[in-house]
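Numbers here simply count residues along the sequence, with the first being 1.
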Amino acid sequence: MDADSAPARSRQGWWWKALLAGLALWLATIVVTSTTHNTNLIPTLILLGSFLVPFCVVLFAAERISGTLAQLDAFMAFFLGGAFGVLGASLLEGHLDNSPWRYLQVALVEEFVKALILLVLGRAVVPKTAPQGALLGACIGAGFAAFESAGYAFNAAVTSQGIDLGSLLQSEAARSILTPLCHVLWTALLGAVIFGAATRTAGAATAHGTTDGAHGTTNGTHSRPVANESPRYRLTGVVLGTFAGVVVLHALWDSMQELAGDAAAVVLGATGPAARGAADQLQLVFSGLYVAGLVLVAAAGVGALAVVLRRDTGENPRRARGSASGSGAATKPPR
């Protein structure tokens with residue numbers, strides 16, 4: 001089945017229905033675990049809390065994908081991207097040293113692994129448009145976030161004094177709220193740019209072929225429709241710049257706690273014993289700077305993704321009109 005004959009996806013709003021049902025189930029599990037002190041329910045809490053929001057992201061994407069990108073591909077991207085992503089990142093991060101650049105190194109490794117998975121899973125997708133790349137990237141980022149959050153939740157729960165249910169729930173709640181603004185957003189942005197670059201290449205090839213047809217060229221390779229073929233990836237300056245930007249956003253996000261702490265000390269002009277004497281004020285300033293920093297990083301990512309998608313939306317109608325006019329010129333009978 002080609003992209004033009006693919007059936008339209010039905011939008012039943014399963015993502016928010018699953019979110020509400022899953023949230024109720026998660027809260028019920030918390031109540032039962034707290035009441036019964038049954039540690040066998042801890043894995044259930046970890047899985048529900050870590051996978052609920054990322055899985056709803058996949059449901060959101062599955063109702064909006066089109067072309068040859070099937071709904072099953074979205075779920076495969078979620079599980080394969082998550083499992084292989086955390087495994088690959090763990091293997092590569094094991095060789096990193098504890099240097100001042102560790103946040104940048106970790107961000108580079110994790111974004112490289114996710115980008116590699118995106119390239120592999122999206123190689124045969126038709127059409128390669130920025131929205132489709134964003135949806136596929138969001139699924140991969142959601143999978144990575146789910147598996148990573150499960151690990152953090154497990155580490156928060158297991159302590160030397162036994163199971164710390166409060167730390168577990170705090171970790172899951174914080175990471176669930178922030179999931180759409182970190183791994184999901186970063187990989188969606190990179191996927192949109194990568195697919196958008198490939199789409200523009202295919203459009204240029206189509207336009208070139210129809211132009212030759214207008215001048216009477218009978219070369220079959222130019223008149224062959226390339227819109228239904230899988231465009232090749234292009235390593236452009238925009239793609240490289242977006243990857244670098246995503247790595248920087250990731251590094252800033254991970255290091256925001258230390259950056260906010262240093263900035264708070266500078267703002268108050270207090271270090272060492274003086275800082276300890278103004279602990280309450282320092283904590284207040286730190287919290288404000290930390291939240292403000294996360295908001296700025298998230299806003300930068302959302303804004304960049306919006307620009308990429310808006311640009312693609314504006315180019316597609318022009319590309320379609322150009323292709324249609326070119327086809328008309330190519331089929332015009334000679335005088």
Side-chain angles (χ1 to χ4, degrees), residues 8-65 70-83 85-86 114 134-159 161-188 253 287 290-291 294-295 298-299 301-302 305:
R9 314 295 184 191
S10 60
R11 299 186 182 182
Q12 303 294 333
W14 287 111
W15 70 271
W16 63 265
K17 297 175 183 177
L19 181 62
L20 294 178
L23 179 60
L25 185 58
W26 182 65
L27 293 175
T29 307
I30 294 174
V31 173
V32 174
T33 304
S34 303
T35 303
T36 64
H37 302 286
N38 186 358
T39 57
N40 290 334
L41 293 177
I42 297 300
T44 304
L45 268 179
I46 292 177
L47 290 176
L48 282 175
S50 301
F51 278 76
L52 176 58
V53 173
F55 184 72
C56 291
V57 170
V58 180
L59 290 177
F60 178 87
E63 294 184 348
R64 287 160 176 80
I65 56 178
Q71 293 178 339
L72 180 60
D73 295 331
F75 293 98
M76 292 297 294
F78 174 78
F79 288 107
L80 293 179
V86 294
K114 290 188 294 179
L135 292 173
L136 182 61
C139 293
I140 295 173
F144 190 96
F147 282 86
E148 185 183 55
S149 295
Y152 279 104
F154 176 81
N155 290 332
V158 179
T159 66
Q161 288 79 30
I163 301 297
D164 189 344
L165 186 60
S167 297
L168 166 63
L169 298 178
Q170 183 180 3
S171 174
E172 288 189 335
R175 294 187 66 86
S176 295
I177 294 173
L178 299 177
T179 288
L181 300 176
C182 46
H183 283 292
V184 173
L185 175 61
W186 302 328
T187 318
W253 185 278
S287 300
Y290 178 69
V291 173
L294 293 183
V295 170
V302 172
L305 180 59

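- Atom CZ in Arg64 sits 8.0 Å away from atom CG in Leu135 (nearest 0.5 Å).
- Nearest heavy-atom pair across Ser149 and Arg175 is OG-NE, 2.9 Å.
- Without hydrogens or angle criteria, Glu148 side chain to Val86 main chain gives no donor-acceptor distance under 3.5 Å.
- Residues that satisfy the ring pair (Phe, Tyr, Trp, His ring centres under 6.0 Å) test with Trp15, not counting sequence neighbours, are Phe60.
- Not counting sequence neighbours, the partners of Ala146 by the side-chain contact (heavy atoms from CB on, under 4.5 Å) test are Phe51, Pro54, Phe78.
- Between Trp253 and Ala298 the shortest heavy-atom distance is CZ3-CB, 4.2 Å.
- Among all heavy-atom pairs drawn from Leu136 and Ala77, the shortest one is CD1-CB, 3.7 Å.
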Evaluate Leu59 against Phe75 for side-chain contact (heavy atoms from CB on, under 4.5 Å), listing each step before the verdict. CA-CA 8 Å; Leu59 290 177; Phe75 293 98; 3.7 Å; yes
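- For Ser176 (side chain) and Gly49 (main-chain N/O), a donor-acceptor pair under 3.5 Å exists by modelled atom type.
- To the nearest 0.5 Å, the span separating CG on Asp73 from CD1 on Ile65 amounts to 6.5 Å.
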List the atom pairs, donor and acceptor, that lie under 3.5 Å between side-chain atoms in residues 163-171 and the rest of the protein, sequence neighbours left out.
| from | atom 1 | to | atom 2 | distance (Å) |
| --- | --- | --- | --- | --- |
| Asp164 | OD1 | Gly166 | N | 3.3 |
| Asp164 | OD1 | Ser167 | N | 3.2 |
| Asp164 | OD2 | Ser167 | OG | 2.7 |

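- For Val291, the side-chain contact (heavy atoms from CB on, under 4.5 Å) partners are Val295, not counting sequence neighbours.
- Contact of the Val32 side chain with the Leu41 side chain is registered, since non-hydrogen atoms from C-beta on lie closer than 4.5 Å.
- With sequence neighbours excluded, the residues that form a side-chain contact (heavy atoms from CB on, under 4.5 Å) with Ala145 are Thr179, His183.
- Between Val58 and Ala142 the shortest heavy-atom distance is CG2-CB, 4.4 Å.
- Residue pairs meeting the side chain to side chain donor-acceptor pair (under 3.5 Å) criterion with at least one partner in residues 23-32, sequence neighbours excluded, are Trp26-Glu172.
- From Leu25, atom CG reaches atom CG of Leu20 across 12.5 Å, with rounding to the nearest 0.5 Å.
- Closest approach of Val57 and Ala138 over heavy atoms only: CG1-O, 4.1 Å.
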